[in-house]
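Order of the sequence lines fixes the chain letters, A, B, ..., with proteins taken first and strands second; residue numbering starts at 1 for each chain. Worth knowing before you read on, the calculation uses all heavy atoms, side chains too, and leaves out hydrogens, waters and symmetry mates. If you're wondering where the values come from, they're calculated on a predicted model, not measured in any experiment.
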Number of protein chains: 2
Amino acid sequence: MTKTNLHLEEFLPYRLSYLTNVIGRDLARLYTDKFGIAHAEWRVMAVLGLSSGVSAAIVAEKTAMDKVAVSRAINNMIENKHISRTFADDDKRRSVLKLSDLGRETYEKIVPLVQAYEKDVLNALSNAEQNELNKILNKLKDCVTQSK
Amino acid sequence: MTKTNLHLEEFLPYRLSYLTNVIGRDLARLYTDKFGIAHAEWRVMAVLGLSSGVSAAIVAEKTAMDKVAVSRAINNMIENKHISRTFADDDKRRSVLKLSDLGRETYEKIVPLVQAYEKDVLNALSNAEQNELNKILNKLKDCVTQSK
DNA sequence: ATATAATAGTTTCATTCGTAACTAATTGCA
DNA sequence: TGCAATTAGTTACGAATGAAACTATTATAT
């Protein structure tokens, strides 16, 4: 007879989710507390900062958010004047999203903060470990995504 | 002049949260779809499976859930007959939580499923990488927790 | 002994989130 | 052309979540 035992502290999904939650909370302090940007909005902003002019569907794809969450974030951000929205000439359904001047200003303030935080976390690891982690996260991502 | 650039696909917090979400969704299929156990309830169950008789506060601590979430999960689980609750003799505020026979039965069905899933994911990695990942996750956890 | 503080847990309320149903625009095909 | 199917995005609604206020019990300090 085998004993059924699950040690949460050693269980990969639990450990990942724990880390993710703590890091998410720390990051939220950087953009929510200081700039009033909600998590979903920050993710949209992060996409538009690099890929100006894309549609809501592209944002959803790049952030792995669902389209409802993206739609809501976008509407808030238009409200806040962080982005502008027009519609594509060749397809009036498709939105064309861009950071406004204010949005880009905010983006450029937030990016160094979150990058500094990331660096801080990564500094807990040696260079070799950082490289390993990269490789490992890529492998895990491929593995879990394929099974979707 | 430095360009402000944040590549989401290379940003550690994003990658972790992506992985966590996909894995969480996969796992939920194992316990929610088949046994009607919600995420919060599964986490409580995982603690009680190993540590029978602990209080709600201990469950909250071990799962990193907040006490409101634990309270609700516990009430659902009492409703579902998955756990029993008494109160400690020496402190009538403190609950004493145990899996019921039904609860343990369910637990013993779920554990092998989630362990098989974890194994599946870990099989994407070599043994050496699995060891590295262990070490790295421990380091990261210590690093982020200390800054709380 | 009694008042105050602290602790365990619950309830309330406001927000967030996701699924499903919906509208509007476009595409495909007969 | 014209009708069905698809796609982009929004709205509506129910479930999950979190912060704050609350109840009940126990610990502490005078």
Side-chain angles (χ1 to χ4, degrees), chain A residues 17-18 20-22 24-26 28-29 31-33 36-44 47-48 53-80 83-98 148, chain B residues 17-18 20-22 24-29 31-33 36-44 47-48 51 53-80 83-98 148:
Chain A
S17 124
Y18 182 92
T20 299
N21 289 340
V22 177
R25 184 159 34 71
D26 286 351
R29 272 204 281 270
Y31 48 75
T32 303
D33 295 1
I37 307 281
H39 184 61
E41 295 169 30
W42 158 245
R43 291 161 83 183
V44 172
V47 170
L48 295 183
V54 300
S55 68
I58 301 289
V59 171
E61 187 201 314
K62 295 214 185 202
T63 53
M65 293 164 72
D66 79 64
K67 62 181 183 170
V68 178
V70 171
S71 168
R72 284 193 273 240
I74 285 172
N75 285 310
N76 292 337
M77 293 171 84
I78 291 172
E79 193 78 19
N80 300 335
I83 65 175
S84 69
R85 174 173 56 191
T86 55
F87 292 89
D89 287 337
D90 60 324
D91 183 343
K92 288 173 205 157
R93 295 169 306 177
R94 204 170 70 239
S95 55
V96 174
L97 304 167
K98 296 181 180 173
K148 201 199 146 177
Chain B
S17 123
Y18 182 91
T20 299
N21 288 340
V22 177
R25 182 160 33 72
D26 286 352
L27 282 179
R29 271 204 281 270
Y31 48 75
T32 303
D33 295 2
I37 307 281
H39 185 59
E41 295 169 29
W42 158 244
R43 291 161 83 184
V44 171
V47 170
L48 295 184
S51 313
V54 300
S55 68
I58 300 290
V59 171
E61 187 202 314
K62 295 214 186 201
T63 53
M65 294 164 71
D66 80 64
K67 63 181 183 169
V68 178
V70 172
S71 168
R72 284 195 273 242
I74 285 172
N75 285 310
N76 292 338
M77 294 170 84
I78 291 172
E79 192 77 20
N80 299 336
I83 65 175
S84 69
R85 174 173 56 190
T86 54
F87 292 89
D89 287 337
D90 60 325
D91 182 345
K92 288 173 203 158
R93 294 169 305 180
R94 205 170 70 237
S95 55
V96 174
L97 304 167
K98 296 182 179 172
K148 201 201 146 176

Tell me which of A:Arg85 and B:Ala88 sits closer to the 5' end of DNA chain D, going by the nucleotide each one is nearest to.
-> A:Arg85
Euclidean distance, atom CZ of residue B:Arg94 to atom P of C:dT10 [Å, nearest integer] | 14 Å
Residue whose closest nucleotide on DNA chain C lies nearer the 5' end, A:Asp91 versus A:Lys67 | A:Lys67
B:Ile74 CD1 to C:dT10 P: how many Å, rounded?
-> 6 Å
Residues in residues 53-63 of chain A with a heavy atom under 4.0 Å of DNA chain C, by number, are none
Taking C:dA25, C:dC17, C:dA20 as options, the one with an atom nearest any side-chain atom of A:Val68 is C:dA20
In the 5' to 3' direction, the nucleotides of DNA chain D bounding the stretch that comes under 4.0 Å of a heavy atom in chain B are D:dT17 to D:dT26
Residue A:Asp33 excluded, over 12 heavy atoms near CG under 6.0 Å | yes
Can you tell me the distance, in whole Å, between the CG atom of A:Asn75 and the P atom of C:dC17?
-> 15 Å
With A:Leu48, which of A:Ile74, A:Ile58, A:Val54 fulfils side-chain contact (heavy atoms from CB on, under 4.5 Å)?
-> A:Val54
When the distance from CG of B:Asn21 to P of C:dC17 is rounded to whole Å, what number comes out?
-> 11 Å
Counting only distance, no hydrogens or angles, is the base of C:dT7 paired donor-acceptor with the side chain of B:Arg93 under 3.5 Å?
-> yes
Below 4.0 angstrom from OP1 or OP2 of C:dG9, is there any side-chain N or O of B:Ser71?
-> no
